[in-house]
*Asks:* 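Before anything else, here's the structure in question.
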2 protein chains.
Amino acid sequence: MARAAASKTQTRIQREKTEAILAAALDVFSTYGFRGSTIDQIAKQAGLSKPNLLYYFDSKEAIHSLLLERLLDTWLEPLKKLDPAANDPVKEIIAYVHRKLEMACDYPRESRLFANEILQGAPRIMEQITGPLKDLVDEKAAVIEGWAKQGKIAPVHPYHLIFSIWATTQHYADFDTQVSAILGARSETCFEDACDYLTTMFTKLLRP
Amino acid sequence: MARAAASKTQTRIQREKTEAILAAALDVFSTYGFRGSTIDQIAKQAGLSKPNLLYYFDSKEAIHSLLLERLLDTWLEPLKKLDPAANDPVKEIIAYVHRKLEMACDYPRESRLFANEILQGAPRIMEQITGPLKDLVDEKAAVIEGWAKQGKIAPVHPYHLIFSIWATTQHYADFDTQVSAILGARSETCFEDACDYLTTMFTKLLRP
DNA sequence: TCTGATATTTACCAAATGGTCAGCAAGCCG
DNA sequence: CGGCTTGCTGACCATTTGGTAAATATCAGA
């Protein structure tokens, strides 16, 4: 626990500075990964000196952990909202795709932070993956399979459906550099085009 | 240029050691990214001392550059093979998906190396992206658009089609940790399931 | 087997990095 | 204002890191 955060009631300055640090850390970690990032870099980005930053957080790892911890909740929210009782399952899944795409476009740094962590073998969030994340996916995969058995959507492998939704949506955040470079001027309508494209793709796939 | 590699004819040892180094470097770089990897780590993995490694390569960056350079050719090959004269465009694109998926599964480290580089803003391969890669994609996107206009495939945004193929196939290499953790025992049939799933998805999308 | 080229090691360096500490400065509250 | 807590800094430290230099060991060919 950080010295400053150890007290029960945070002061105004504590709140402001910790948030500034986390914001800066998100920038840096999402770009360079954990090992590729330095405290100095984060401190500079946050407008603090290194010792000052370390007054608020005990270590580099502590910042990273807190960031990942906070991330996972937000990250799972779109899938959590998938309603098993929806009366139009195709629309419900498409809505999930839209939420996911929006999240990737609104929070690209979060997406990259997550991608970096997974790429490196998820050393710091493996428990979260095999725990809450897996549980949620298992649950929702069962829902999807149920819909398929009832003939409400076309028969698809539920896990690979989820993977393909993750892959296609997060691609726009994680590989943004590449996407922008290739689209050039077309980048301006990228989000709308992607939204249309993915809607079509998953609708065609899922319509019974 | 590395001292050892400067000579025109490489000796047996030079060939062996450079390959060992590149193999080790691929392992390390693909996991930790450029900044997160150390020469010591690579040297150890290759069974060499650090100075000995630096006898073959001038710097950490030199190894990384050579790796990326070699990578891009292999990486673009599947798309290059997309035949504009194919008489069944849907099948032709599906075949491309299969080549891509196979490549992701056979060369996951290469996929991750590339992913790491793009995630970090592609500082070392931006020219390759805006150059050869973009040119190839532009060319093939035009082919796909042609097919769509002729009614041979359903009308789709050609660039986003390509992105979605990249995203879905590379996902199995880049996010393997996550995929395996979630599938658990189901991982064994992952490749076949993914192949089936993607075939269905893209066939449904593209069939006119 | 001798010799020159190639290969490898030991010892080293400067810079960067994660982190600490003692002391000084600012806020806050009576 | 005075005093106590909170916030911040500069100097410092040990370790790691990328990289070098010189000395030594190994190899291939005459």
Side-chain angles (χ1 to χ4, degrees), chain A residues 1-25 27-29 31-68 116 120 123-124, chain B residues 1-25 27-29 31-68 116 120 123-124:
Chain A
M1 185 68 101
R3 278 146 290 186
S7 58
K8 271 138 212 172
T9 53
Q10 278 188 261
T11 70
R12 172 186 55 88
I13 292 178
Q14 273 168 20
R15 250 171 290 128
E16 284 172 9
K17 294 291 163 80
T18 38
E19 283 314 309
I21 292 168
L22 286 171
D27 257 16
V28 177
F29 282 137
T31 306
Y32 299 106
F34 181 72
R35 292 186 40 173
S37 303
T38 71
I39 300 187
D40 275 306
Q41 230 179 326
I42 298 168
K44 200 175 170 188
Q45 179 99 356
L48 297 166
S49 66
K50 185 171 56 164
N52 195 10
L53 182 150
L54 286 164
Y55 171 70
Y56 293 101
F57 287 90
D58 277 336
S59 65
K60 184 179 162 183
E61 193 140 2
I63 309 173
H64 195 252
S65 294
L66 187 53
L67 228 37
L68 281 177
N116 251 311
Q120 300 183 11
R124 277 167 281 274
Chain B
M1 186 65 103
R3 279 146 290 184
S7 58
K8 272 138 211 172
T9 54
Q10 279 189 259
T11 69
R12 172 187 55 87
I13 292 177
Q14 275 168 18
R15 250 171 291 128
E16 284 172 9
K17 295 291 163 81
T18 38
E19 284 314 310
I21 292 167
L22 286 171
D27 257 15
V28 178
F29 281 137
T31 306
Y32 299 106
F34 181 73
R35 291 186 43 172
S37 303
T38 71
I39 299 187
D40 274 308
Q41 230 179 327
I42 298 168
K44 199 176 170 188
Q45 178 100 358
L48 296 164
S49 65
K50 184 171 57 166
N52 195 10
L53 182 151
L54 286 164
Y55 170 71
Y56 294 101
F57 288 91
D58 276 336
S59 66
K60 183 179 163 182
E61 194 142 2
I63 309 174
H64 195 253
S65 293
L66 186 54
L67 229 37
L68 281 177
N116 251 311
Q120 300 184 9
R124 277 167 280 274

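So that the names make sense, note that chain A is the first sequence line, chain B the second, and so on, each numbered from 1. Note: hydrogens, waters and symmetry copies are ignored here, and every other heavy atom, side chains too, is used.
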*Asks:* How many Å lie between CG on B/Asn52 and C1' on D/dT24, as a whole number?
*Replies:* 13 Å
*Asks:* Looking at C/dT8, I'd like to know if its phosphate oxygens (OP1 or OP2) sit under 4.0 Å from a side-chain N or O belonging to B/Ser49.
*Replies:* no
*Asks:* So, is A/Lys17 near the phosphate of D/dC8, with a side-chain N or O under 4.0 Å from OP1 or OP2?
*Replies:* yes
*Asks:* What is the distance, to the nearest angstrom, from the CD atom on A/Gln41 to the P atom on C/dA15?
*Replies:* 20 Å
*Asks:* What nucleic acid atoms does B/Lys50 come within less than 4.0 Å of, heavy atoms only: base, sugar-phosphate, or nothing?
*Replies:* base
*Asks:* Provide, to the nearest angstrom, the distance between the CG atom belonging to A/Leu48 and the P atom belonging to D/dC8.
*Replies:* 7 Å
*Asks:* Would you check if A/Tyr55 and A/Lys17 make a side-chain contact, meaning some heavy-atom pair closer than 4.5 Å?
*Replies:* no
*Asks:* Which value, rounded to the nearest 0.5 Å, describes the distance between A/Leu22 atom CG and A/Asp27 atom CG?
*Replies:* 12.0 Å
*Asks:* So which atom in A/Ile42 and which in A/Ile21 form the shortest heavy-atom distance, rounded to 0.1 Å?
*Replies:* CG2-O, 4.0 Å
*Asks:* Give a yes/no on whether any side-chain N or O of A/Gln14 is located under 4.0 angstrom from OP1 or OP2 of D/dG7.
*Replies:* yes
*Asks:* Please determine whether a side-chain nitrogen or oxygen atom of B/Tyr56 lies at a distance below 4.0 Å from atom OP1 or OP2 of C/dT8.
*Replies:* yes
*Asks:* From the options C/dA7, D/dG19, D/dG7, select the nucleotide whose nearest atom is closest to the side chain of A/Tyr55.
*Replies:* D/dG7
*Asks:* Check the distance between D/dG18's P and B/Asp40's CG and give it to me in whole angstrom.
*Replies:* 7 Å
*Asks:* For B/Asp58 and D/dG19, give me the distance from atom CG to atom C1', rounded to whole Å.
*Replies:* 10 Å
*Asks:* From C-beta outward on A/Pro51, which listed nucleotide comes closest to its side chain: C/dA7, D/dC8, C/dT20?
*Replies:* C/dT20
*Asks:* Starting at CD of A/Glu16 and ending at P of C/dA26, how long is that distance when rounded to a whole Å?
*Replies:* 17 Å
*Asks:* Which one, D/dG18, D/dT6, C/dG19, comes nearest to the side chain of B/Lys60?
*Replies:* D/dG18
*Asks:* A/Leu53 CG to C/dG19 P: how many Å, rounded?
*Replies:* 10 Å
*Asks:* Look at the rings of A/Phe29 and A/His64 and say which category their plane angle falls in: under 30° parallel, 30 to 60° tilted, over 60° perpendicular.
*Replies:* perpendicular
*Asks:* Distance check needed: C/dA16 P versus A/Lys44 NZ, whole Å only.
*Replies:* 12 Å
*Asks:* Donor-acceptor pair, B/Lys60 side chain versus B/Phe34 backbone, under 3.5 Å?
*Replies:* yes
